[in-house]
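Structure first, commentary second.
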Amino acid sequence: MAFLRRYMHVIMLAILSLAVFVVVSRSLENHARRADEYIYEKTVLSFTEWLKQPEPFRRDVLDRCWNIGGEHPSVVKITSGITWMACHGRMGDLKSLRLATAINFSLLIMLVYMFARQFMGRAVSLVSGIMLLCIPAVTEFAHFAEININLSLFWVLAVLFFLKGLRGRKAWVCLSGVMAGFSLGAKVTSLIIPISIFIWLLLFSRKRLAELFIPFLITGSVAFLLSWPSLWPDPVTGLIDHARYHMDAVAAARGRIWHLAFSSFFSNVPIGMTVLFILGIIKTFADKNSSGFLCLIIIFLLLGIFSAAGIDSDGIRYFLPAIPFFCAICATGLEFIVKPVIKTNVIYV
């Protein structure tokens, strides 16, 4: 009984995560194929082709199998490759590609709880995980072979491990760097993570900046290079070409309304969560919650970059990696409302 009381929140969330996986996996074919899923399929097939090559590290093989239209089969996309190889015979190509997203989304509910537990109570952390299910646009993207919602998993792991490293072994910081490196190997917007951590260290732990950020940066750089084999023969030229590719993509997608990113984001989350987010910001400042500030830095840095560049954010899609941190702040806002009410014995939970 003592065990059940201690881990009740974890058990409840594990059951919820399993239920979410069952529901999402059974409805994967209820959504039409998205245009970018064709590219996803090509990168997955190119990765499986690479595994069959007798000389997989020959330069022409690496170029052919790891560069698809300026992109590459990143670690995030390889998760779809694994589910495709394991299940496409029974489930078909599209459903087996999408299965990785369903798995990652279900795991994300648990991971948001584990992340929030680093600086919140059990009940509030539980709410953080549940709030992922309260945004219809997020649950919709959980049905696609789509990079951004899968990337959320790596962003949360990177920040979770970093916070654990602050209070424990430095190995957690190195593992955080690995997750950040894998994220950057998947999408350039993942630069948000090291930049946010650097800013946070400057604000809250300047004396430990070198001690924490240097191993984070080194392991992250190594993980980034390892995640992209086609860079190995000539990493400098490869990185320059990759930067040019993204600069051209940004120039082509550039919009004119500076606040489009903010309106796109907040128009795709329920108004109630927007209110809770504002209250969560107030509580974060009132409590001087340093971990909460890290969440806010990640969210507003991502929104700010898209706004400053005037880029069309395609609704909430490009902001999905920051959604777990948004949910954590929303849960803080809910605590801001509910806790005083509980203390006055008006309601009981």
Side-chain angles (χ1 to χ4, degrees), residues 9 111-132 134 152 155-170 172-173 175-177 179-180 191-217 262 265-266 269 272-305 307 319 321-344 349:
H9 293 83
L111 281 175
V112 171
Y113 168 81
M114 294 170 64
F115 162 69
R117 278 294 289 132
Q118 300 301 306
F119 59 101
M120 295 181 186
R122 287 192 182 92
V124 184
S125 300
L126 180 69
V127 171
S128 298
I130 294 173
M131 279 190 172
L132 278 174
C134 299
S152 304
W155 281 34
V156 172
L157 283 172
V159 180
L160 168 63
F161 292 154
F162 186 80
L163 292 180
K164 288 178 75 69
L166 288 173
R167 306 175 181 93
R169 296 177 180 177
K170 296 298 187 299
W172 286 113
V173 175
L175 196 54
S176 170
M179 293 297 107
L191 278 170
I192 295 291
I193 294 299
I195 293 172
S196 297
I197 287 175
F198 181 77
I199 293 171
W200 185 86
L201 286 170
L202 282 177
L203 292 174
F204 295 99
S205 193
R206 188 170 302 181
K207 291 181 179 179
R208 302 182 66 190
L209 177 62
E211 171 195 349
L212 295 169
F213 196 70
I214 290 176
F216 171 87
L217 198 60
F262 286 88
F265 182 86
F266 288 105
V269 298
M273 291 188 71
T274 301
V275 173
L276 291 177
F277 180 66
I278 295 170
L279 293 173
I281 294 174
I282 295 171
K283 190 174 192 304
T284 299
F285 275 86
D287 293 346
K288 297 180 181 178
N289 188 325
S290 60
S291 298
F293 275 109
L294 181 55
C295 294
L296 293 176
I297 291 170
I298 292 169
I299 295 166
F300 284 109
L301 190 58
L302 183 61
L303 289 169
I305 288 173
S307 293
F319 302 131
I323 285 293
F325 308 103
F326 175 79
C327 290
I329 298 298
C330 288
T332 303
L334 183 62
E335 183 187 30
F336 189 43
I337 298 173
V338 174
K339 197 170 183 178
V341 178
I342 295 173
K343 285 182 176 179
T344 55
V349 292

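These numbers come from the heavy atoms of this one structure, side chains and all, not from hydrogens, waters or symmetry mates.
Crowding of R206 atom CZ: a count of heavy atoms from other residues, nucleotides or ligands under 6.0 Å not exceeding 12.
Here the closest heavy-atom approach between residue I299 and residue A322 is recorded as CG1-O, 4.1 Å. In plain terms, the two heavy atoms of C330 and M273 that are nearest each other are SG-O, 3.3 Å. Closest of all the heavy-atom pairs between F115 and A328 is CE2-CB, 4.2 Å. Between A158 and A180 the shortest heavy-atom distance is CB-N, 4.0 Å. Between R208 and G165, the shortest heavy-atom distance links the atoms NH2-O, 4.4 Å. Here the shortest heavy-atom pairing between L212 and V173 reads O-CG1, 3.3 Å.
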Show me the side-chain donor-acceptor pairs of residues 194-202 shorter than 3.5 Å, one per line, residues at least two apart or across chains.
| residue | atom | partner | partner atom | Å |
| --- | --- | --- | --- | --- |
| S196 | OG | I192 | O | 2.7 |
| W200 | NE1 | S290 | O | 2.7 |

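Rounded to the nearest 0.5 Å, atoms CG (L294) and CG (N289) are 10.0 Å apart. The distance from atom CD of E211 to atom NZ of K170, rounded to the nearest 0.5 Å, is 4.0 Å. The distance from atom CZ of F336 to atom CG of L276, rounded to the nearest 0.5 Å, is 11.5 Å. Note: S128 OG to L111 CG = 12.5 Å, rounded to the nearest 0.5 Å.
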For side chain to side chain contact (heavy atoms under 4.5 Å, CB included), just list the numbers for F162 and I193, CA-CA rounded to whole Å, side-chain angles, deciding distance to a tenth of an Å, and then say yes or no. CA-CA 11 Å; F162 186 80; I193 294 299; over 6 Å; no
Carefully, step by step, assess V269 and F277 under the rule side chain to side chain contact (heavy atoms under 4.5 Å, CB included). CA-CA 10 Å; V269 298; F277 180 66; over 6 Å; no
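A 4.5 Å side-chain heavy-atom check between V159 and F325 finds at least one atom pair inside the cut-off. Put simply, the side chain of L175 does not reach to within 4.5 Å of the side chain of K164, judged on heavy atoms. S291 has its side chain within reach of L163: a pair of non-hydrogen atoms, C-beta onward, lies under 4.5 Å apart. Side-chain contact between I323 and W155: absent, with no pair of heavy atoms (C-beta onward) separated by less than 4.5 Å.
Note: F266 and F262 have parallel aromatic rings, judged against thresholds of 30 and 60 degrees for the angle between ring planes. Under the 30°/60° scheme for interplanar angles, the aromatic rings of F293 and F285 are found to stand perpendicular.
In this structure, T284 contributes its side chain and G280 its backbone to a donor-acceptor pair below 3.5 Å.
No close placement of the F319 and F326 rings is indicated, their centers lying 6.0 Å or farther apart. Taking the six-membered ring for Trp and the full ring otherwise, the centers of F213 and F216 sit less than 6.0 Å from each other.
Legend: salt bridge (Lys or Arg N to Asp or Glu O under 4.0 Å) pairs involving residues 285-294, not counting sequence neighbours, sorted by first then second residue: K283-D287.
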